[in-house]
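Atom set for the values below is all heavy atoms of this structure, side chains included, hydrogens, waters and symmetry mates excluded. What you are looking at is a predicted structure, and each value in this text was computed from that prediction instead of being measured.
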Amino acid sequence: MEGAGGERASAIAPIMKWKNDFSRLFQYFLDRSTPHMVERWLGTLVIVMVYVLRVFFIQGFYIVSYGLGIYILNLLIGFLSPKVDPELEALDGASLPTKGSDEFKPFIRRLPEFKFWYAITKAFCIAFLMTFFSVFDVPVFWPILLIYWIVLFILTMKRQIMHMIKYKYVPIDLGKQKYTGKKGGSSSGSRKD
């Protein structure tokens with residue numbers, strides 16, 4: 001009886017080793033791609049274009065595209081939101097500054113850029129694979145789904161922008177801030193008597 005269990009374990013061992021090796025190799029390439037933001041997003045853009053062309057030429061899988069759009073909208077909200085939301089969490093010293101006299105705290109995203117990129121790329125790959133199975137090609141009138149998604153996008157972004165204005169934060173970082181000196185003050189240290 002024990003021999004049958006040993007045979008099964010020996011048959012599963014190479015599969016587990018292959019899975020472990022593949023997972024390590026995949027994580028290695030993910031770690032290597034982390035500093036190459038532009039290249040990562042260009043690769044994702046290629047995947048998006050392949051998916052869009054596939055859906056366009058097949059003329060189907062609109063419900064998959066709609067679900068993908070809702071998922072991306074959810075990711076975008078996480079990407080644009082602060083890690084500590086002043087409305088939802090108790091103020092424990094890690095909140096965004098709301099007054100000019102408050103200490104400056106850098107904007108920390110709820111969903112970091114790398115995780116945002118990875119989730120979007122993975123979602124488009126899964127959606128692309130779903131287009132090969134006819135069970136996911138549910139017949140729908142796609143203009144209604146598109147209009148509904150656009151309305152949902154506008155309402156969600158309006159709410160997010162109002163939140164940004166209320167708590168005075170900008171989630172887009174366009175580079176390192178540079179110190180330009182005091183405004184309106186004399187740059188030379190001399191006094192006039």
[X] [atom1] to [Y] [atom2] distance, which is reported to the nearest 0.5 Å:
X: Asp31; Y: Phe26; atom1: CG; atom2: CZ; result: 10.5 Å
X: Phe128; Y: Met130; atom1: CZ; atom2: CE; result: 13.0 Å
X: Leu42; Y: His36; atom1: CG; atom2: NE2; result: 13.0 Å
X: Ile15; Y: Asn20; atom1: CD1; atom2: CG; result: 13.5 Å
X: Ile150; Y: Leu155; atom1: CD1; atom2: CG; result: 12.0 Å
X: Arg159; Y: His163; atom1: CZ; atom2: NE2; result: 8.0 Å

Any side-chain donor paired with an acceptor under 3.5 Å for [X] and [Y]?
X: Tyr51; Y: Thr131; value: no
X: Arg24; Y: Tyr28; value: no
X: Glu113; Y: Trp41; value: yes

Within 6.0 Å of OH in Tyr148, more than 12 heavy atoms from elsewhere: no
When hydrophobic residues are tied together by side-chain contacts of less than 4.5 Å, even through go-betweens, does [X] share a cluster with [Y]?
X: Phe153; Y: Leu146; answer: yes
X: Ile70; Y: Val151; answer: no
X: Ile126; Y: Leu75; answer: yes
X: Ile161; Y: Leu152; answer: no
X: Leu73; Y: Ile154; answer: yes

Can you name the closest pair of heavy atoms from [X] and [Y] and give their distance?
X: Thr44; Y: Trp117; result: OG1-NE1, 2.6 Å
X: Val140; Y: Tyr62; result: CG2-CB, 3.9 Å
X: Val55; Y: Gly60; result: CG1-O, 3.3 Å
X: Ser81; Y: Gln160; result: OG-NE2, 3.4 Å

Below 4.5 Å, heavy atoms only, C-beta onward: do [X] and [Y] meet side chain to side chain?
X: Ile63; Y: Trp142; answer: no
X: Ile47; Y: Cys125; answer: yes
X: Phe114; Y: Arg40; answer: yes

Check against side chain to side chain contact (heavy atoms under 4.5 Å, CB included), Leu80 and Met157: CA-CA 10 Å; Leu80 296 176; Met157 284 297 113; 4.1 Å; yes
Reference residue Phe124; test side chain to side chain contact (heavy atoms under 4.5 Å, CB included); the match among Leu45, Ile72, Val46, Leu129: Ile72
Backbone of Tyr66 reached by a side-chain donor or acceptor of Trp149 within 3.5 Å: no
Ring-face cation contact, Phe132 with Arg54, 6.0 Å cut, 45° max: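 Here Arg54 passes the 6.0 Å and 45° test against Phe132.
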Cation-pi geometry met for Arg109 and Phe79 (6.0 Å, 45°):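 Yes - Arg109 lies over the ring of Phe79, closer than 6.0 Å to its centre and within 45° of its axis.
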Chi angles and distances behind the side chain to side chain contact (heavy atoms under 4.5 Å, CB included) call for Ile120, Tyr71: CA-CA 9 Å; Ile120 285 179; Tyr71 181 68; over 6 Å; no
Ring geometry between Phe136 and Phe133 (parallel below 30°, tilted from 30 to 60°, perpendicular above 60°):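 Because their plane-to-plane angle is over 60°, the rings of Phe133 and Phe136 count as perpendicular.
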